[in-house]
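Quick notes on the structure that follows.
Numbers restart at 1 for each chain; the letters A, B, ... are given by sequence-line order, proteins then strands.
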Amino acid sequence: MVVVLGSGALLIAFVVALYGIGAAVYGVVKKAPQWVSSARNAMLLTFPLLTVVALSLIYLLVTDHFEVEYVYSVTSRSMPTYLRVTALWGGQAGSLIFWSWLMSAFASAVTLRDWKRDREFLPWVIVVSLVTLAFFLTLSIFFENPFVRTWQYSSGVAVSAVLQPAGTQPLTRLDGLGLNPLLRHPGMVIHPPMLYLGFVSFVIPFAFAIAALVTGRTDDRWIRVTRRWTLWAWLFLSLGLVLGGRWAYDVLGWGGYWGWDPVEIAAFMPWLTGTAFLHSVMIQEKRGMFKQWNIVLIVLTYCLVIFGTFLTRSGVLSSVHAFAQSAIGPMFFSFISLTFLISLALLSHRWQSLKSENELTSLFSREALFLVNNLLFIGILVVCFWGVIFPLLTEALGFIGRAIPSLSHIFTGQKVTVGPAFYERATGPLWAGLLLLMGVAPLAAWRASTAKTLGKAIWKPLIASLVVLAVLLATGTRQLGALVGFWLAALVIAVTLYEFWRGAQARHRRAGESLPVALWRLAGRNRRRYGGYIIHLGVILMAIGIIGIEMFQTETQGSIPLGGQLSLNEYTIRYDSLAEFDTADGRNVARAVVSVYKDGEWVDELYPRRDYYYEAQQAMTIPGLRSTMEDDLYLLLVDWQPLSTQNATFKIYHNPLVSWLWFGAVVFILGTFVAAWPEREMVTMERSVGAVRTSVGA
Amino acid sequence: MKRTFWLFGLLLALALAVMPKAAFAQDPTPQPTPQATPSDDQVNAIAKTLYCPVCENIPLDVCPTLACEQWREQIREKLALGWDEQQIRDYFILQYGDRVVDEPPKRGLNWLAYIVPPVVFLVGAYVVYRVLRGRLHVTETGEGAPEPAPPEGDEYTARLEQELERRQ
Amino acid sequence: MKRSPRWGVLLAWLVVISLLVLIAVQLRSAMEGSVGEGQNAPVFTLQTFDGQTIGLEEMADKVVVVNFWASWCTPCEVEAADLQDAWEHYQPRGDVLFLGVDYVDTETEALEYLERFAITYPNGPDLGTRVSQAFRITGVPETYFIDKDGVLAYTKIGPFGSLGEIMDIVDGMLE
């Protein structure tokens with residue numbers, strides 16, 4: 001019953017989406033606004049329909065309908081209810097529905113805004129959104145239908161279909177396979193939705209960019225409309241990435257938070273271009289420059305989103321993250337080809353109309369520094385992209401070696417792996433460059449800045465940062481990378497705090513406000529700028545955490561008997577006891593009790609454990625974690641060694657400063673809220689600034 | 001001209017300052033002398049840079065399967081025989097193929113992996129340089145437009161801009 | 001000046017199209033399974049654990065049974081004894097060759113495995129995973145039956161259930 005409801009709503013939503021596309025195009029071509037309105041209604045209709053689909057699927061997941069193949073593959077009787085709801089995005093078919101639902105939600109939200117000033121964009125935004133939605137619905141209906149059930153003929157032959165074929169009975173299953181144990185963690189509850197939110201919401205700026213290209217209305221309007229939206233999309237993507245890192249740290253048991261896995265990178269690449277866009281769009285707003293580049297960036301961001309999704313789900317990449325191979329590969333490939341080629345064609349067509357209004361006047365102006373900022377972000381993107389593509393390339397080019405034997409030692413066709421060392425080495429200097437820019441750019445003025453004016457602005461924070469550097473050297477830090485990294489971090493913190501102080505001082509002098517009030521009003525009046533500074537502060541705190549763990553992490557592993565000890569640096573652990581028991585949700589837990597001593601003093605008791613999931617026949621090692629702002633002690637029970645109360649193998653990671661990474665992420669998110677918060681005054685301020693500028697004859 | 005040199009010099013110094021070898025310290029690699037049973041830490045130091053040949057994208061030091069345990073034991077054997085890290089890596093490449101090490105081995109086509117990103121970056125830097133110099137821009141005015149010198153009349157506008165900035 | 005944007009645009013098209021071609025090629029190879037029956041079997045050379053080289057010469061005009069296994073593979077143990085029995089049955093004829101290809105394994109454990117099941121037909125490590133890549137295997141155990149003309153006659157994914165199963169296939173090829 002619910003299956004029929006869900007799959008029916010899915011089909012209707014698909015038809016409605018197709019109608020919407022047709023109506024919008026017809027309305028534009030025939031200049032008939034009533035057709036465009038109808039298309040708009042169609043888009044709005046997809047949301048309640050897809051909500052019905054999602055709720056139906058959730059209902060089936062929660063009520064043990066194991067004849068539905070998707071429910072069978074991701075739930076089991078022993079799973080708690082909240083996990084069953086999250087199983088919606090636990091497998092390919094469900095996550096595609098989730099994606100479509102989010103897509104329709106955002107597209108509807110955008111449709112409901114006031115379109116008075118942008119009438120000509122509306123049909124094209126509808127077309128782009130509905131084409132994307134229709135594509136994902138095609139995948140859901142024809143390739144990965146979550147409502148497919150298993151039926152059995154009396155002969156015993158089983159068949160899969162949504163509706164009951166004649167002469168069959170539903171195949172009853174007593175229990176399901178259960179969700180992959182790795183996904184049964186609070187982090188996994190929130191990480192995929194956040195990431196999907198980030199991905200899907202980038203469709204909207206893309207749709208507006210395409211609309212701008214198609215209609216030829218390539219002025220600032222499309223950016224102003226989508227600016228806040230892009231910021232929120234970027235926020236969700238950032239949050240999704242950080243949560244993924246935290247989940248990896250908590251649950252995967254390798255003492256780290258980012259493995260440079262191809263699928264991780266696939267999610268990271270749109271973030272890079274998105275961040276570049278957020279910066280360079282400011283140049284377009286202030287100086288009217290780089291229109292071509294900005295539109296390229298937003299199109300590129302969306303294309304990378306789709307490309308990343310394709311890589312994850314098609315089986316082309318080998319990765320722990322990747323969904324199992326399925327038939328959606330070729331369909332997805334057609335979609336990305338279409339997206340890439342049409343975007344490129346539109347860009348080529350409109351290239352000349354995206355001309356710039358102004359010229360750069362100074363190497364040290366803010367525009368110039370933003371340009372360097374973009375260069376660095378794109379540089380990092382190129383490293384990431386090349387690292388992901390290169391193994392595919394060498395494997396594909398192997399055919400040359402097979403065809404021409406004399407070249408076979410060059411074109412070996414051997415698969416290669418591109419790992420963390422490659423990415424860290426290549427992007428390290430680029431990140432350092434970005435840190436430097438974060439320190440210098442806020443002090444550069446738009447249009448005119450010379451080395452001298454910049455020097456005058458920066459000398460005080462520079463002195464402060466050099467003091468920090470001196471302290472680091474005095475306390476024994478010798479690693480060049482750490483010294484440069486921390487010095488730059490100190491510089492950026494000094495510059496940012498200096499900017500806050502200067503702004504607050506100005507208000508204090510002018511309006512007599514006390515410092516706290518001045519700071520509050522300052523951020524309130526200039527949400528984007530000061531929100532941006534808070535984001536930068538967050539990034540610096542994250543950088544401090546990253547430098548700490550990447551450059552100063554130490555580890556040790558050892559087998560110790562009950563009561564025995566293992567040491568790492570100033571820490572010693574003592575193996576106190578081990579308990580092994582079964583839990584109600586189908587796992588066997590081996591839980592060790594370990595005392596932790598620092599410099600001889602007892603500081604904590606940790607409980608590293610090994611969870612073995614019977615159904616999935618998979619084990620997870622959950623670390624015992626002691627976190628302070630100074631460092632983390634990360635303790636693992638190494639599960640592949642025989643576990644007994646006699647001897648157990650432990651692995652200890654010492655991660656200095658890593659808590660700053662998570663703390664910094666919180667500051668980062670808060671800063672984005674400040675920057676993204678709606679502000680009515682902003683529009684009037686921009687207009688008056690623009691008016692003043694034109695009257696001065698700039 | 002002088003300003004550009006200054007700028008590039010600064011960037012170059014910065015790039016050199018964070019050069020790879022100093023940037024990320026690793027655990028010291030084991031000494032190439034035969035020894036009694038090498039410790040888990042010594043094995044892990046090498047296993048960290050290798051990937052499980054069977055499972056996808058899991059480093060060998062954290063892979064929990066029986067096969068990976070056997071490979072780590074093999075590393076221990078080789079260390080006990082006095083092999084150094086490079087010999088062990090080469091052995092693993094011979095046995096299991098290029099994909100078992102964490103970077104493409106530097107031969108043949110694989111050199112492209114290391115060369116392409118810096119080359120693309122330098123090309124990008126050159127494009128940025130040209131844009132900053134005003135010789136390449138996307139207006140319809142001809143190429144090679146003269147670089148505008150900071151004019152005095154603009155001092156007023158510059159101050160006005162700053163004032164407006166502060167009032168925003 | 002129109003020249004600068006034009007080569008930029010051209011380069012962009014070139015990059016995008018090359019990328020799409022690359023992805024298409026890789027997608028196709030990701031989706032094709034192992035080497036299909038009726039196709040020419042891949043040519044390969046095997047260096048056995050006891051130093052022999054088994055190549056094209058040694059495989060010519062023979063029915064070749066190529067079995068992929070590993071010491072860490074539990075299903076492989078199910079068929080190990082049956083494969084050895086089959087080999088003992090066909091060896092005197094001289095026109096059937098059984099080959100064991102050890103897939104990503106350690107030599108010590110591999111030799112232990114061979115000793116445990118008293119396997120006498122030639123076995124060697126799949127160096128650099130070249131042979132398994134040539135056959136595009138999807139796991140172990142898998143067995144490939146190559147006829148006297150070098151054409152792949154039959155593929156078996158997973159362990160054999162019985163000695164009879166193996167002999168039926170080989171007998172069929174010998175007719």
Quiz item: What part of A:Leu397 is in contact with chain C, defined as an atom under 4.5 angstrom from a non-hydrogen atom: side chain, backbone, both or neither?
Solution: neither
Quiz item: Can you say whether A:Phe385 sits under 4.5 Å from chain C via the side chain, the backbone, both, or neither, judging by heavy atoms?
Solution: side chain
Exercise. Please flag which part of C:Leu27 lies under 4.5 Å from any non-hydrogen atom of chain A: side chain, backbone, both or neither.
Key: both
Quiz prompt | Contact winner vs chain A - C:Val25, C:Thr129, C:Val16, heavy-atom pairs under 4.5 Å | solution = C:Val16
Does atom [atom1] of [X] have more than 12 heavy-atom neighbours from other groups under 6.0 Å away?
X: C:Arg28; atom1: CZ; answer: no
X: C:His89; atom1: NE2; answer: yes
X: C:Asp61; atom1: CG; answer: no
X: C:Glu57; atom1: CD; answer: no
X: C:Leu56; atom1: CG; answer: no

Quiz item: What distance do C:Gln133 atom CD and A:Lys415 atom NZ have between them, rounded to the nearest 0.5 Å?
Solution: 6.0 Å
Quiz item: How long is the gap from CZ on C:Arg130 to OG1 on A:Thr412, to the nearest 0.5 Å?
Solution: 7.5 Å
Under 4.5 Å between any side-chain heavy atoms of [X] and [Y], yes or no?
X: A:Phe307; Y: C:Ile23; value: yes
X: C:Ile17; Y: A:Phe340; value: no
X: A:Leu341; Y: C:Trp13; value: yes

Quiz prompt | Residue pair A:Ala396 / C:Gln26: nearest heavy atoms and the distance that separates them | solution = CB-OE1, 3.5 Å
